[in-house]
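Heavy atoms only: backbone and side chains are in, while hydrogens, waters and symmetry mates are out. Read the numbers this way: they start at 1 and go in the same order the structure lists the ligands and their atoms.
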Amino acid sequence: MPGMSEAQTPAAVLNNATLAARDLQHVWHPCTQMRDHEQHPPIPIHHGRGPWLYDYDGRRYLDGISSWWTNLFGHAHPEISAAVAKQATQLEHVLLAGFTHEPAVQLAEQLVRLAPAGLTRCFYADNGSAAVEVALKMSFHYWQNRGAKAKRRFLTLSNSYHGETLGALAVGDVPLYRQTYQPLLLDVLTAPSPDAYEREPGETPEAHARRKFVAMEALLQQHAGELAAVIVEPLVQCAGSMRMYHPVYLQLLRDACDRYGVHLIADEIAVGFGRTGTLFACEQAGIRPDFMCLSKGLTGGYLPLSAVLTGEEIYAAFYDEYAAQRAFLHSHSYTGNPLACAAALATLAQFARGGVLESNRQLSARMAARIAPLAAHPHVVDIRQCGMILAVEFAQDRASRNPYPWQQRRGLAMHRIALEREVLLRPIGDVIYAMPPYVLSDDECDLLVDTMIHCVERVCGD
Ligand code: PMP
């Protein structure tokens, strides 16, 4: 066959080794030092079922991290797959400028119904970082349209993460991702995170959050005139090693943002759709942000899609004669893609049946009980949990909490050990965590937690 390499002929053998070898000829992987693949080639996945992923050699892996926190109801879910397939035969895509389609309309209606009251406007984008860019630009642009030209800066929390595009990276604070690009980034203000791991001995997470809020209040007071918005990940700083904080911080922040005339952006991209025990994490603080960013679980882990929800007052600042030049012209080609919206609607239908949050409560209680004995391990310094997110922090020294030298890559060693036990885990620094799909059986849940324990015991046994 002219133009076809040998590897592409129908007779080519498809197994882990052949596919990985072909992959490494051309595919440049995300979040990866490609040279690592000389030792450990990527694992080609052939199919998924429920919480399991199956490779080409017949091995399987329990997806303990929901494929980067996207999957909610399992892989190849019959109803979500059918909804996408049906939509594909009707309309795969149409631009959302000047046109619309039923899945985008229905999804906006449903999101507005589910979100904190008053978030009545839905702007679509196509991934999490893009949603953060939209929220930042919309906030800045709102103040421009209102004549507050000086309000052009953003305030973020230390240890936060909001994505990899330049605007999103600028409001993030994880050095691993940010440092190299620092010269390219916006100048943002950073308040200390209320992360409960940092609390003093005997201090409650609430008291700690209140104490940390003093610095936030001071920054708001000092910079209100130049601040457009504060951006936070409600309750859990996921990429920042699953650090968690008390909801009172969000209440204090909402109140202060109102007092100082600064927007509040809630990045629920990782924590939305039930991860923290409520549909949205903001609910636990009873607050309504000015912008709420959604992605990841929005489509059940099927397709890239994101949405930024906001309210009428902000919408009104852009609504004018065309000649007034106030419109929000931000656009992505795949904005509100119908296939992705269909996946999202089928995902929301799973929640609408009821019982999801309740069964998650049982699963998270089971995880908590099973992990508890690990607290006695000499290298375990913290076990924390928020709903369906369970994290174990380990350290070289328990008293000082000094981390292991990062060059030892103990997290990577745990990843390899977990794979041997048919579990996919991907530690972040010195934190091994589970954020599984919601469809685990009790046995699968136990396998996941037992594997975390086994990994810590094997890699921090000395
Ligand atoms: N915000 C948060 C809180 C995230 O966890 C992530 C992704 N890990 C993003 C934004 C970026 O989303 P995406 O990877 O889809 O760009």
Side-chain angles (χ1 to χ4, degrees), residues 29-32 63-72 123-139 154 156-178 181 185-186 188 193-195 229-245 250 264-276 280-282 289 291-309 330 332-337 340 343-344 347 386-389 391 426-429 431 433-435:
H29 288 261
C31 209
T32 300
D63 189 352
I65 58 163
S66 300
S67 286
W68 268 345
W69 322 336
T70 60
N71 191 287
L72 300 187
F123 191 98
Y124 290 114
D126 51 16
N127 64 75
S129 304
V132 170
E133 300 288 343
V134 166
L136 296 174
K137 284 177 69 179
M138 244 184 209
S139 171
F154 299 99
T156 188
L157 292 176
S158 60
N159 191 44
S160 56
Y161 179 90
H162 296 288
E164 298 292 338
T165 52
L166 291 176
L169 204 55
V171 293
D173 186 48
V174 177
L176 180 66
Y177 306 119
R178 187 195 154 93
Y181 305 99
L185 303 180
L186 291 172
V188 303
S193 168
D195 165 14
V230 179
I231 181 166
V232 295
E233 294 157 274
L235 301 188
V236 189
Q237 296 186 310
C238 294
S241 301
M242 302 293 161
R243 294 291 180 85
M244 299 172 185
Y245 61 90
L250 296 172
L264 176 57
I265 302 171
D267 176 351
E268 293 242 7
I269 288 163
V271 295
F273 300 103
R275 287 288 179 200
T276 66
F280 299 114
C282 281
F291 301 93
M292 189 161 91
C293 302
L294 303 173
S295 189
K296 290 193 186 273
L298 172 60
T299 62
Y302 262 68
L303 285 158
L305 179 70
S306 59
V308 178
L309 301 184
H330 186 101
H332 297 288
S333 312
Y334 284 101
T335 299
N337 171 258
T347 300
C386 185
M388 291 294 284
I389 307 173
R426 215 182 130 93
I428 302 174
V431 172
Y433 73 92
M435 202 194 290

Say whether Lys296 and ligand 1 are in contact under the criterion: heavy-atom distance to a ligand atom below 4.0 Å. yes
Under a 3.5 Å distance rule, please check whether [X] uses its side chain to pair with a backbone N or O of [Y] as donor and acceptor.
X	Y	result
Ser158	Ser193	yes
Asn159	Gly240	yes
Glu164	Ser129	no
Glu233	Tyr161	yes
Thr70	Ser66	yes

Ligand-side contact atoms (ligand 1) for residue partner [X], heavy atom cut-off under 4.0 Å:
X	answer
Ser129	11 (C), 12 (O), 13 (P), 16 (O)
Asp267	1 (N), 2 (C), 3 (C), 10 (C)
Gly163	10 (C), 11 (C)
Glu233	3 (C)
Ala270	5 (O)
Asn127	15 (O), 16 (O)

Test item: Phe280 and Leu309 side chains (from C-beta on) under 4.5 Å apart, heavy atoms: no
Is there side-chain contact between Leu166 and Leu186, with heavy atoms separated by less than 4.5 Å?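 SC-SC contact between Leu166 and Leu186 ruled out.
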Going by distance only, is there an N or O of [X] that falls short of 3.5 Å from an N or O of ligand 1?
X	result
Ser295	no
Ile269	no
Trp69	no

Using a distance-only test with no angle check, is there a side-chain donor-acceptor pair under 3.5 angstrom linking Ser67 and Asp63? yes
Going by the closest heavy atom to atom 15 (O) of ligand 1, which one wins out of Ala125, Gly128, Pro30? Gly128
Under 4.0 Å from atom 13 (P) of ligand 1, is there any protein heavy atom?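 Yes, there is one.
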Under 4.0 Å between heavy atoms, the region of Trp68 that gets near ligand 1 turns out to be neither
Name all residues meeting the side chain to side chain contact (heavy atoms under 4.5 Å, CB included) criterion together with Pro427; count only those two or more places apart in sequence or in a different chain, and write none if there are none.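 Pro427 satisfies side chain to side chain contact (heavy atoms under 4.5 Å, CB included) with Met414, His415, Ile432 only.
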